[in-house]
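Residue numbers begin at 1 in each chain, while the letters A, B, ... track the order of the sequences.
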Protein chains: 2
Amino acid sequence: MKKNLTLDDIAAQADVSRATASRVLNDRPHVRDEVRERVWQVIQETGYKPHPVARSLASQRTGIVGLVIPRTTEGFFTDPYFPHLTQGIAYTCNEHDYIISLFLIQTQEDERKLYPRISQGLLDGVIVQVGAIGDQFIDALLQGSIPSVVAGRPQHHPEASYVDVDNIAGAYNAVMHLLQLGCKRVATITGDMGTTAGLDREEGYRRAIEKRGIPIEPDLIVHGDFTEISGYYGMQRLLPHKPDAVFTGSDTMAMGAIRAIKQADLSVPEDIAIVGYDDLPPARMASPPLTTIRQPIHRFGVKAVEILLDIIENGKEPPRQIVFDTKLIVRESCGSSVGT
Amino acid sequence: MKKNLTLDDIAAQADVSRATASRVLNDRPHVRDEVRERVWQVIQETGYKPHPVARSLASQRTGIVGLVIPRTTEGFFTDPYFPHLTQGIAYTCNEHDYIISLFLIQTQEDERKLYPRISQGLLDGVIVQVGAIGDQFIDALLQGSIPSVVAGRPQHHPEASYVDVDNIAGAYNAVMHLLQLGCKRVATITGDMGTTAGLDREEGYRRAIEKRGIPIEPDLIVHGDFTEISGYYGMQRLLPHKPDAVFTGSDTMAMGAIRAIKQADLSVPEDIAIVGYDDLPPARMASPPLTTIRQPIHRFGVKAVEILLDIIENGKEPPRQIVFDTKLIVRESCGSSVGT
DNA sequence: AAATAACTTGAAAGCGCTTCCAAGCTCGGC
DNA sequence: GCCGAGCTTGGAAGCGCTTTCAAGTTATTT
């Protein structure tokens with residue numbers, strides 16, 4: 001195997017100095033065209049590739065951004081949210097020639113190790129998915145100088161840059177839709193109340209109910225954690241209170257709820273209408289197909305990267321905060337007459 | 001913001017040379033206990049963290065392994081396979097203090113860019129998921145000197161190190177189970193025939209059928225691509241040929257097939273028995289719950305990393321090749337009397 | 001034609017760390 | 001009390017690249 005080429009080799013072969021070779025390599029000005037071409041020639045012929053680590057050390061940028069995914073709940077496997085988000089992020093990184101470094105936090109140990117590894121020069125920036133991960137980590141991140149963007153709204157950090165979707169409005173619209181269809185006893189199975197997504201979606205539910213002048217009935221609110229199984233059990237607890245409609249904090253929980261409903265020999269939407277949240281592929285394939293709230297997850301990921309790169313270039317002030325709108329997708333599970 | 005500490009600062013403060021400080025930092029021998037302690041003290045007090053890039057440049061190892069996921073089919077989102085695999089890999093990497101760099105190949109462009117970026121010193125090793133990605137890429141990888149492990153059996157590279165599951169045996173057992181239950185017309189919806197998983201699972205189907213002395217009926221074999229929708233359409237094409245059982249190349253396709261069956265007013269397993277492949281969470285929650293083949297995906301990911309690290313340490317010869325066994329999980333969709 | 005501006009180029013100083021090498025020590029054995 | 005073995009230690013040479021600075025060239029201005 002032939003010895004790896006260095007920029008010095010290229011410089012020697014093209015009969016210029018290393019500095020000039022570097023200029024050509026990086027497409028910098030102040031090189032005569034003739035020389036520039038000569039150097040390119042040598043680079044092409046030899047198949048030379050610059051050594052990324054050396055380059056990083058000298059330039060103080062690595063071209064790597066971190067993607068931190070919090071303590072892996074079952075949700076990571078079940079929920080297509082993460083793959084979608086990751087895909088949006090990866091797509092945009094590829095486009096801008098950045099590389100992604102993935103940190104799946106699984107153990108307490110991982111979490112401890114994380115900050116030190118992240119804070120010290122390997123990464124140009126970090127995208128953190130909010131979740132079960134301690135605010136403490138986000139604290140540290142924001143204190144530090146490394147550019148960061150939060151995916152989802154961080155609970156106690158109004159000054160952080162983040163991208164989020166308007167969960168309150170989304171949930172509000174979902175519940176309002178049910179109310180307008182004539183449902184009288186609309187219940188909800190919330191997502192994980194340790195996340196802003198869970199909290200906000202419950203808030204949207206409350207606002208819609210109150211907007212119609214209906215008193216909030218605590219028995220009609222049960223807490224889940226975004227997983228199918230929590231939707232299933234949530235629904236079982238709800239059934240004795242005779243809801244005629246349920247808004248669930250995720251499609252996955254909606255699937256669980258439907259399972260429980262069918263098992264109780266009731267049917268969707270005749271006996272109980274359902275509206276989910278996410279509009280990921282399974283929603284369309286459910287039986288009945290799910291009425292749900294669509295989030296632009298892909299754009300979400302794209303934007304997160306764009307913001308991060310902006311921060312890397314231009315500094316973290318002012319905070320960039322973007323909230324995406326959601327869209328109600330009406331299918332059959334809500335019993336709407338216009339169902340597809 | 002305080003200037004970043006360097007090893008020189010530590011050395012100065014501890015009144016030793018940089019060489020000695022480095023020895024202490026890396027827990028190397030040949031340092032007097034007293035000195036070692038003094039240096040540690042300074043490191044602790046100052047909160048010094050070594051600069052990973054500088055360290056990589058000097059030591060010629062980065063502690064980063066690449067994870068390459070091929071051209072992203074719809075499957076990446078739908079199929080919990082990838083999250084599970086990723087999780088197994090991440091877990092093991094965390095444990096060994098390696099960092100994962102994720103490469104999702106999405107465009108032709110990405111694929112072109114990939115090899116150059118990978119081949120040149122940023123990564124200590126690479127795990128490649130086989131799939132729609134050109135063998136050409138795996139070719140290049142194997143030619144080069146960078147340690148690599150393939151997840152799944154690469155089609156034309158018997159000399160590669162890989163981890164795989166015994167797809168042929170798995171499929172064989174699935175189909176044999178159906179035959180033993182008395183099914184007479186067992187069909188199959190295969191996975192993507194561009195993958196060894198797809199090919200091998202069909203092969204297993206064929207072997208089981210032939211083993212029972214039944215002639216292969218081409219009409220009972222349709223090709224899908226692991227997605228729900230391909231299972232749905234596949235089943236629709238199968239229905240006119242009156243199968244009484246179907247083995248699908250993935251659980252996701254099984255869900256699609258069930259949807260098509262129900263839509264034709266037939267029922268599972270009474271009219272048509274189904275066996276899937278994967279045993280991921282949705283299988284358990286399907287209605288009816290899916291009889292399927294369980295693959296140890298998590299261990300699969302773990303092993304891939306272990307092999308890779310082994311290669312990094314000890315060289316790529318001889319090739320490490322590991323094939324995991326699968327397990328038939330009997331639930332209700334096959335109509336077995338012992339269904340849960 | 002002289003003076004000045006603008007562009008090219010290479011030498012050299014890092015970036016922060018690892019590691020080889022040689023020098024200086026300590027200590028036991030005879 | 002002397003010698004060599006075996007530790008400790010620091011100096012210095014990289015790892016491969018970027019970037020500053022000053023010197024050398026060429027083009028422009030008056």
Side-chain angles (χ1 to χ4, degrees), chain A residues 2-40 42-43 46-64 97 116-117 119-124 145, chain B residues 2-40 42-43 46-64 97 116-117 119-124 145:
Chain A
K2 63 176 184 295
K3 188 172 164 305
N4 273 332
L5 289 164
T6 75
L7 193 53
D8 275 319
D9 298 329
I10 301 302
Q13 283 190 45
D15 201 29
V16 295
S17 74
R18 174 152 37 97
T20 299
S22 174
R23 288 190 190 99
V24 173
L25 187 63
N26 295 296
D27 230 14
R28 286 213 144 63
H30 306 309
V31 178
R32 233 182 334 144
D33 284 355
E34 181 212 325
V35 174
R36 187 181 294 279
E37 194 149 324
R38 176 149 44 92
V39 176
W40 263 123
V42 175
I43 291 179
T46 55
Y48 165 78
K49 300 287 175 219
H51 188 121
V53 177
R55 189 176 250 198
S56 298
L57 181 59
S59 64
Q60 305 289 61
R61 343 177 59 254
T62 60
I64 306 179
D97 285 325
R117 313 185 89 179
S119 62
Q120 355 149 6
L122 180 60
L123 305 178
D124 286 348
S145 56
Chain B
K2 63 175 186 295
K3 187 171 165 305
N4 274 331
L5 289 164
T6 73
L7 192 52
D8 275 317
D9 299 330
I10 301 304
Q13 283 190 44
D15 201 30
V16 295
S17 73
R18 174 151 37 97
T20 299
S22 173
R23 287 189 191 98
V24 174
L25 187 64
N26 296 295
D27 231 14
R28 287 214 142 59
H30 306 307
V31 178
R32 234 184 333 145
D33 284 354
E34 181 211 325
V35 174
R36 187 181 294 279
E37 194 149 325
R38 177 151 41 94
V39 176
W40 263 124
V42 175
I43 290 179
T46 55
Y48 165 78
K49 300 286 176 219
H51 188 120
V53 177
R55 190 176 249 198
S56 297
L57 182 59
S59 64
Q60 305 289 63
R61 345 178 54 255
T62 60
I64 305 178
D97 285 325
R117 314 185 88 178
S119 62
Q120 1 149 3
L122 179 61
L123 305 178
D124 285 348
S145 55

- Query: Taking only residues two or more places apart in sequence, or in another chain, which ones meet B/Asp15 in a salt bridge (charged side-chain N to carboxylate O under 4.0 Å, His left out)?
  - Reply: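 With neighbours one apart ignored, the set is empty.
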
- Query: With sequence neighbours left out, what residues match B/Arg23 under salt bridge (charged side-chain N to carboxylate O under 4.0 Å, His left out)?
  - Reply: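 B/Arg23 satisfies salt bridge (charged side-chain N to carboxylate O under 4.0 Å, His left out) with no residue once adjacent residues are dropped.
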
Taking [atom1] from [X] and [atom2] from [N], how many angstroms apart are they, rounded to a whole number?
| X | N | atom1 | atom2 | result |
| --- | --- | --- | --- | --- |
| A/Leu7 | C/dA12 | CG | P | 17 Å |
| B/Arg36 | D/dG10 | CZ | P | 13 Å |
| B/Lys49 | C/dC17 | NZ | C1' | 16 Å |
| A/Leu122 | C/dC15 | CG | C1' | 15 Å |
| A/Arg61 | D/dC17 | CZ | C1' | 15 Å |
| B/Asn26 | C/dT19 | CG | P | 7 Å |
| A/Glu34 | D/dT26 | CD | C1' | 14 Å |
| A/Asp33 | C/dC7 | CG | P | 13 Å |

Nearest-0.5 Å distance, [atom1] of residue [X] to [atom2] of residue [Y]:
| X | Y | atom1 | atom2 | answer |
| --- | --- | --- | --- | --- |
| B/Arg32 | B/Thr20 | CZ | OG1 | 10.0 Å |
| B/Arg36 | B/Leu25 | CZ | CG | 11.0 Å |
| A/Ile43 | A/Asp9 | CD1 | CG | 12.0 Å |
| B/Asp33 | B/Trp40 | CG | CH2 | 14.0 Å |

Throw together a table of side-chain donor-acceptor distances under 3.5 angstrom for residues 47-58 of chain B, partners on residues two or more places apart or in other chains.
from, atom 1, to, atom 2, distance (Å)
B/Arg55, NH2, B/Asn26, OD1, 3.2
B/Ser56, OG, B/Pro52, O, 2.9
B/Ser56, OG, B/Arg61, O, 3.4

- Task: Ignoring the backbone of A/Gln60, work out which of C/dT9, C/dT18, C/dG16 is nearest its side chain.
- Result: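 For the A/Gln60 side chain, the nearest candidate turns out to be C/dG16.
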
- Message: I want to verify a distance call: between D/dG10, D/dT18, C/dT18, whose nearest atom is closest to the B/Val16 side chain?
- Response: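 Among D/dG10, D/dT18, C/dT18, the one nearest the side chain of B/Val16 is D/dG10.
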
Looking only at side-chain N and O atoms, does [X] come under 4.0 Å of OP1 or OP2 in [N]?
| X | N | result |
| --- | --- | --- |
| A/Ser59 | D/dC17 | no |
| A/Asn4 | D/dG16 | no |
| B/Arg55 | C/dT18 | yes |
| B/Ser22 | C/dT18 | yes |
| B/Ser17 | D/dG10 | yes |
| A/Arg18 | C/dG10 | no |

Base, sugar-phosphate alone, or nothing: which one does [X] contact when heavy atoms must sit under 4.0 Å apart?
| X | answer |
| --- | --- |
| B/Arg28 | sugar-phosphate |
| A/Val53 | nothing |
| A/His30 | base |

- Item | Close side-chain approach of A/Val16 to A/Val35, heavy-atom, < 4.5 Å |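 Answer yes - side chains close enough.
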
- Message: In the structure I gave you, are the side-chain heavy atoms of A/Ile64 and B/Leu122 within less than 4.5 Å of one another anywhere?
- Response: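 SC-SC contact between A/Ile64 and B/Leu122 confirmed.
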
- Query: Is A/Glu37 atom CD crowded by more than 12 heavy atoms from other residues, nucleotides or ligands, each under 6.0 Å away?
  - Reply: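 It does not: A/Glu37 CD has 12 such atoms or fewer within range.
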
- Query: In terms of the nearest nucleotide of DNA chain D, which residue is placed more toward the 5' end: A/Thr20 or B/Leu57?
  - Reply: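 Result of the comparison: B/Leu57.
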
- Message: With nearest nucleotide decided by heavy atoms, which residue, B/Pro29 or A/Tyr48, maps closer to the 5′ end of DNA chain D?
- Response: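 In this pair, the answer is B/Pro29.
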
- Query: Can you name the residues that form a side chain to side chain donor-acceptor pair (under 3.5 Å) with B/Arg38, not counting sequence neighbours?
  - Reply: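 For B/Arg38 there are no side chain to side chain donor-acceptor pair (under 3.5 Å) partners, ignoring immediate neighbours.
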
- Message: So if I take the C1' atoms of five pairs at each end of the helix from C/dA1-D/dT30 to C/dC30-D/dG1 and get each local axis, what angle do the two axes make, rounded to 10 degrees?
- Response: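 Computed angle between terminal axes is 40°.
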
- Task: Treat primed atoms plus P, OP1 and OP2 as sugar-phosphate and everything else as base, then score nucleotides 21-27 of chain C 5' to 3': B for base contact with protein heavy atoms under 4.0 Å, S for sugar-phosphate contact only, - for none.
- Result: -------

